[in-house]
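Take a look at the structure set out below.
Side-chain atoms are counted along with the backbone in the values below, which use heavy atoms only and exclude waters and symmetry mates. So that the names make sense, note that chain A is the first sequence line, chain B the second, and so on, each numbered from 1.
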Amino acid sequence: MNSREYIESGILELYVFGKLSEEEAREVQQMATDNPAIRTEIAAIEQAVINLSHSVSPNISSETYDKIRHELLGDAPEVIQMKSKTNWAQYLGWAAAVVILLGAGFMYLRMNDQINGVINSEIEKDSSEFKSMQKTIITLEDKNKASENLLNIIRDKNNRIITLEGQPAMPTAMAKVYWNKATQAVHIDAQGLPEPPQGMVYQVWSLKMDPLTPTSIGLLDKASAETTKMYKVDNTTEAEAFGITLEPEGGSAVPTMEQLYTLGKV
Amino acid sequence: MTQDELLPLIYKKDDKAFTLLYDMYAKSLFGVIYNLIRDKEEAEDVLQETFVKIWKNIETYNESKGRFYTWMLNIARNNAIDKLRSKNFNNNQKNLSVDNFVHVLEDPNKVSNKIDAIGIQEFVKKLKPKCIQIIDLLFFKGYTQQEASDELEIPLGTVKTQNRNCINELRNLLKV
């Protein structure tokens, strides 16, 4: 039997499955030693069944892993390892304390004045760091408040959401209007509008269709909405559509229709 | 990492060897054990016994007798079958669970890695039902050729080659 026929006979699969007698297995082993093609074939069969059984295996709990590990290696699970780490850290802490005490005493004796100078400047540095941290916290609180407001607007079930699609002047632009049915408040999410050019500003219009009557309800120029891009504009009671145009700073009395960026019907 | 590289490490029985051994084979062996036992807690006990046996008896493994994986696979299957017998299940292997390894997939909570499961469900679907049966009996449940021939009602002489064709199909799907 040549090696091709031997491989095709199917005996190698049974060899990997462990379903051959000792004598048959020894024979396969002998053939494999002499023939690299057979060795390669055995490895591939093994890989296939390992992958298959691996894939249909349920999760093994981490407790079982710990139990096996403990029983085989006799080492304690992770928790105790962490305890030993703590002990080491304690020794290090004591050692550091001793070094610091000795060092401090030495320096106190030798460089009393100098050290006072250093400490004073450290205190100054610390207090200025403290101030800047306070500022950061205030900024973060503001941001957090802004995000909360944003969420409240988005979650409010009284809000109708109108999507304003891009128009020929700026097809990629888009904006969303949150119009509160209960309070008539209007918020504009301007995330999808490009930065306006220098000297220009976006103006929001509520529109009545027949006849077409635009009413300005505000400009998107509030610095407070710089990060969130969520602007509150004037309330409106009877809009049939909303549009946003690009206007010179300060706004216009009537919309410049060639600069209509987005438009959406209620 | 191959069997040849792993074995010298295991003989030293160090920490790294255990981790490698576990990572490479625990899930495969557990797949086989669970397919026989069908009870997760008991299957995990059997997995533990299996690893203890592998670790303690590693000196009795002899490369001239066969693959290291095959040796572990036999320990895992035998432990699982012993467990079933000790629970006064019927001694007859043929009365083992009628479910095959594919049924494990049908309960998504049981399968470790959902991505794996989706992948395997796809290729398992492509396996012929006849192939699922024969691989289940010979590989997962450890039937002899004679037992598989009786169960599947196919001639004894064709068990080996039919199984070969099915493993080839699996290898094509897995690209190994």
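- Contacts of A26(B) with chain A are made by both backbone and side-chain atoms, with heavy-atom separations under 4.5 Å.
- The closest side-chain donor-acceptor pair between N35(B) and D136(B) falls under 3.5 angstrom.
- In this model, a donor atom of one side chain and an acceptor atom of the other lie less than 3.5 Å apart for Q146(B) and D150(B).
- The distance from the NZ atom of K19(A) to the CG atom of N163(B) is 12.0 Å, given to the nearest 0.5 Å.
- Judged purely by distance below 3.5 Å, without hydrogens or angles, the side chains of T64(A) and S61(A) pair a donor atom with an acceptor atom.
- Looking at F51(B), the atoms closer than 4.5 Å to chain A (heavy atoms on both sides) sit in the backbone and in the side chain alike.
- Proximity to chain A (any heavy atom under 4.5 Å) is restricted, for D45(B), to the side chain, taken from C-beta onward.
- Contact of L138(B) with chain A is made through backbone and side chain together, with heavy-atom distances under 4.5 Å.
- Contacts of I7(A) with chain B are made by both backbone and side-chain atoms, with heavy-atom separations under 4.5 Å.
- Of the inter-residue distances, the one linking E49(B) atom CD with I68(A) atom CD1 reads 10.0 Å to the nearest 0.5 angstrom.
- Neither the backbone nor the side chain of E41(B) comes within less than 4.5 Å of any heavy atom in chain A.
- Sorted by first and then second residue, the disulfide bond (SG atoms under 2.5 Å apart) pairs with a member in residues 24-74 of chain B form an empty list; sequence neighbours excluded.
- Proximity to chain A (any heavy atom under 4.5 Å) is restricted, for F18(B), to the side chain, taken from C-beta onward.
- Residues of residues 25-35 of chain A lying under 4.5 angstrom from chain B, judged on non-hydrogen atoms, are A25(A), R26(A), Q29(A) by number.
- Atom OG1 in T262(A) sits 7.0 Å away from atom CD in Q167(A) (nearest 0.5 Å).
- With values rounded to the nearest 0.5 angstrom, F17(A) atom CZ is found 9.0 Å from F140(B) atom CZ.
- Of the atoms belonging to I54(B), not a single heavy atom falls under 4.5 Å from chain A.
- Of the listed residues (E63(A), Q47(A), K67(A), E22(A)), the greatest number of heavy-atom pairs within a distance under 4.5 Å of chain B belongs to K67(A).
- A search for ring-ring contact (aromatic ring centres under 6.0 Å, His included) contacts involving F242(A) returns W179(A), not counting sequence neighbours.
- Sorted by first then second residue, the side chain to side chain donor-acceptor pair (under 3.5 Å) pairs that include residues 167-176 of chain B, not counting sequence neighbours, are E41(A)-R171(B), K128(B)-E169(B).
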